[in-house]
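A quick write-up on the structure given underneath.
All ligand and atom numbering here is 1-based and tracks the order in the structure. Index from 1, following the sequence.
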Amino acid sequence: MSVLALVEQIDGQVDELSLQALSLARELADGEPLTALLAGEGGREASAQLGSHGVANALVAEDERLGAYAPGAWARSVTDAIDRLGTGAVVAPGTVRGNEVLSHVAARLDLPFAANCAAIDERSPLTVTRVRWGGSLLEEARVHGSPALLSVAPHTVPAATVNGADAPSVESFAPALDENDLLVRVAEHVDAATAGISLAEAKVVVSGGRGVGSADGFGMLEELAELLHAAVGCSRVVTSAGWRPHTDQVGQTGTKVSPDLYIACGISGATQHIAGCKGAKKILAINSDAEAPILASADYAVIGDLTEIVPAITAELRKGREP
Ligand SMILES: Cc1cc2nc3c(=O)[nH]c(=O)nc-3n(C[C@H](O)[C@H](O)[C@H](O)COP(=O)(O)OP(=O)(O)OC[C@H]3O[C@@H](n4cnc5c(N)ncnc54)[C@H](O)[C@@H]3O)c2cc1C
């Protein structure tokens with residue numbers, strides 16, 4: 001099958017998850033020459049790194065408006081490339097961008113899109129294994145429509161190399177972008193305010209859910225976190241309510257954390273939240289409901305009102321540190 005692989009790169013360096021996606025793309029191509037599509041500045045430079053990953057041809061979408069990420073513009077680049085090549089499948093990394101771009105492509109071409117694939121089970125009819133529910137479920141899915149649109153679940157396929165491959169031939173083209181393709185685009189990059197401790201790498205995470213009650217309620221969690229040199233996390237309810245920024249969200253659609261201790265305050269323990277904290281060595285749940293689902297995942301639990309329990313823990317920690 002002729003396969004087009006969407007490759008992400010930053011300043012000419014190919015993203016690791018794109019290299020993983022190329023492994024699955026190569027398997028699907030089954031010996032046919034694999035073509036990679038790169039967009040934006042650095043695409044030409046990045047394409048030189050793809051020969052050892054089995055890419056025979058690189059198509060580089062060039063337009064100064066592709067300098068900043070714009071999902072519609074990238075999708076236009078993919079649909080133009082499909083028209084040029086008559087490709088049988090498009091494979092992208094299962095990143096936020098890869099999934100977003102293929103969603104646009106699927107909508108424009110009125111095709112189904114299988115996100116987060118971990119394996120090709122059969123080529124005809126095309127059958128894939130998809131990772132669903134934050135890794136709790138593997139689904140076998142038949143993909144109809146042509147070209148087939150697939151993204152590859154991160155870290156499910158190794159970024160394998162091939163021996164003795166030459167650098168790919170490189171061809172550039174100008175996608176036919178219009179104003180609508182650029183309605184949504186990255187305008188500015190702002191570094192997250194992490195107070196020095198990153199959520200993904202913290203040894204202790206103090207996390208709050210709806211039970212915290214308000215944005216101000218997080219003040220007591222921050223106090224405890226400071227004493228424990230911990231990062232503050234939260235559930236999606238909290239980010240949806242605007243109490244904390246999305247960068248603090250733990251879960252399937254947030255950050256995956258693996259601290260030594262995860263303190264879940266007023267969090268019920270929905271599967272989508274647990275998907276983000278199940279890597280913790282120990283979980284302490286503070287919850288007023290003795291039947292809350294989080295207790296099934298917790299190593300320790302304190303049943304009661306967090307507005308009494310959290311300040312009490314903080315006070316004990318302070319006492320222990322008094323000279
Ligand atoms: C596709 C999809 C993706 C999602 N991704 C995520 C994700 O990445 N992360 C995420 O968190 N959620 C995610 N969700 C949402 C998830 O399903 C839950 O709705 C959410 O996690 C619930 O948040 P919560 O535990 O804060 O709120 P609730 O479920 O309302 O739980 C609040 C808890 O607080 C307790 N409580 C209340 N008052 C107190 C008090 N005073 N003291 C102590 N305990 C108290 C209650 O007993 C209850 O257990 C996703 C959902 C979908 C459909």
Side-chain angles (χ1 to χ4, degrees), residues 94-100 102-103 106 113-117 130-139 141 151 153-155 192 198-200 202 205-225 230-259 261-280 283-316:
T95 55
V96 172
R97 290 186 177 185
N99 285 328
E100 185 176 33
L102 283 199
S103 304
F113 162 37
N116 283 325
C117 300
R130 292 179 61 207
V131 178
R132 310 250 351 236
W133 286 72
S136 315
L137 177 78
L138 292 177
E139 174 193 89
S151 71
H155 308 297
S198 109
L199 187 56
V205 174
V206 179
S207 202
R210 194 198 302 268
V212 174
S214 66
D216 288 346
F218 272 83
M220 66 186 146
L221 271 62
E222 276 172 0
E223 217 180 320
L224 177 60
V232 174
C234 66
S235 71
R236 189 162 100 167
V237 163
V238 168
T239 53
S240 300
W243 298 348
R244 303 288 296 186
H246 179 72
T247 45
D248 285 1
Q249 184 179 312
V250 172
Q252 181 184 326
T253 46
T255 302
K256 312 261 185 307
V257 298
S258 47
L261 177 63
Y262 186 77
I263 306 179
C265 309
I267 294 176
S268 60
T271 48
Q272 297 90 348
H273 187 83
I274 299 298
C277 65
K278 65 184 174 194
I283 296 179
L284 161 64
I286 302 174
N287 202 300
S288 50
D289 178 5
E291 305 290 320
I294 185 106
L295 298 182
S297 310
D299 300 277
Y300 311 102
V302 183
I303 306 301
D305 185 347
L306 69 90
T307 60
E308 293 169 12
I309 293 158
V310 173
I313 298 173
T314 304
E316 279 304 311

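Considering only non-hydrogen atoms, atom 1 (C) of ligand 1 lies nearest to Gln252 out of Lys256, Gln252, Glu308. The residue from Gly208, Ser288, Cys277 that puts a heavy atom closest to atom 45 (C) of ligand 1 is Ser288.
Minimum heavy-atom separation, Arg244 to Cys234: CB-SG, 3.9 Å.
Counting heavy atoms from C-beta outward, Leu138 and Val131 have side chains that approach closer than 4.5 Å. Pro154 places none of its side-chain heavy atoms less than 4.5 Å from the side chain of Thr95. Two residues are said to be in side-chain contact when any heavy atoms from C-beta on lie closer than 4.5 Å; Asp248 and Val238 fail this criterion. Two residues are said to be in side-chain contact when any heavy atoms from C-beta on lie closer than 4.5 Å; Ile303 and Leu295 meet this criterion. Residues Ile294 and Ile274 are in side-chain contact: their nearest non-hydrogen atoms beyond the backbone lie under 4.5 Å apart.
For atom 9 (N) of ligand 1, the closest heavy atom belonging to the protein is Val250 O, 2.8 Å. Regarding atom 7 (C) of ligand 1, its nearest protein heavy-atom neighbour is Gln249 NE2, 3.2 Å. The nearest protein atom to atom 49 (O) of ligand 1, hydrogens excluded, is given as Asn287 ND2, 3.0 Å; this is a heavy-atom distance. In this structure, the protein non-hydrogen atom closest to atom 32 (C) of ligand 1 is Gly266 O, 3.5 Å. Scanning the protein for heavy atoms near atom 12 (N) of ligand 1, the closest one is Arg236 CB, 3.3 Å.
Side chain to side chain, Glu223 and Thr314 fail the donor-acceptor criterion of an N or O pair below 3.5 Å.
Atoms of ligand 1 lying under 4.0 Å from any heavy atom of Thr253, numbered from 1 in the order shown and given with element: 3 (C), 4 (C), 5 (N), 6 (C), 7 (C), 8 (O). Atom numbering of ligand 1 starts at 1 in the shown order; those under 4.0 Å from a heavy atom of Gly209 are 26 (O). Residue contact check: Gly254 has heavy atoms under 4.0 Å from atoms 8 (O) of ligand 1. Below 4.0 Å from some heavy atom of Asp305 lie the following atoms of ligand 1, by number and element: 40 (C), 41 (N), 42 (N). When each atom of ligand 1 is checked for a heavy atom of Ala270 under 4.0 Å away, the hits are 16 (C), 17 (O), 18 (C), 21 (O). Close approach of ligand 1 to Gly211 is summarised as follows: ligand atoms under 4.0 Å from at least one heavy atom of the residue are 34 (O), 36 (N), 37 (C), 38 (N), 39 (C), 40 (C), 41 (N), 45 (C). Of all atoms in ligand 1, listed by their number and element, those nearer than 4.0 Å to a heavy atom of Ser235 are 11 (O), 23 (O), 24 (P), 26 (O). Atom numbering of ligand 1 starts at 1 in the shown order; those under 4.0 Å from a heavy atom of His273 are 10 (C), 11 (O), 21 (O).
With hydrogens and angles disregarded, a donor-acceptor distance shorter than 3.5 Å links the side chain of Ser151 to the backbone of Asn116. Looking only at distances, no side-chain donor or acceptor of Asp305 sits under 3.5 Å from a matching main-chain atom of Ser288. No donor-acceptor pair under 3.5 Å is formed between the side chain of Asn287 and the backbone N or O of Gly266.
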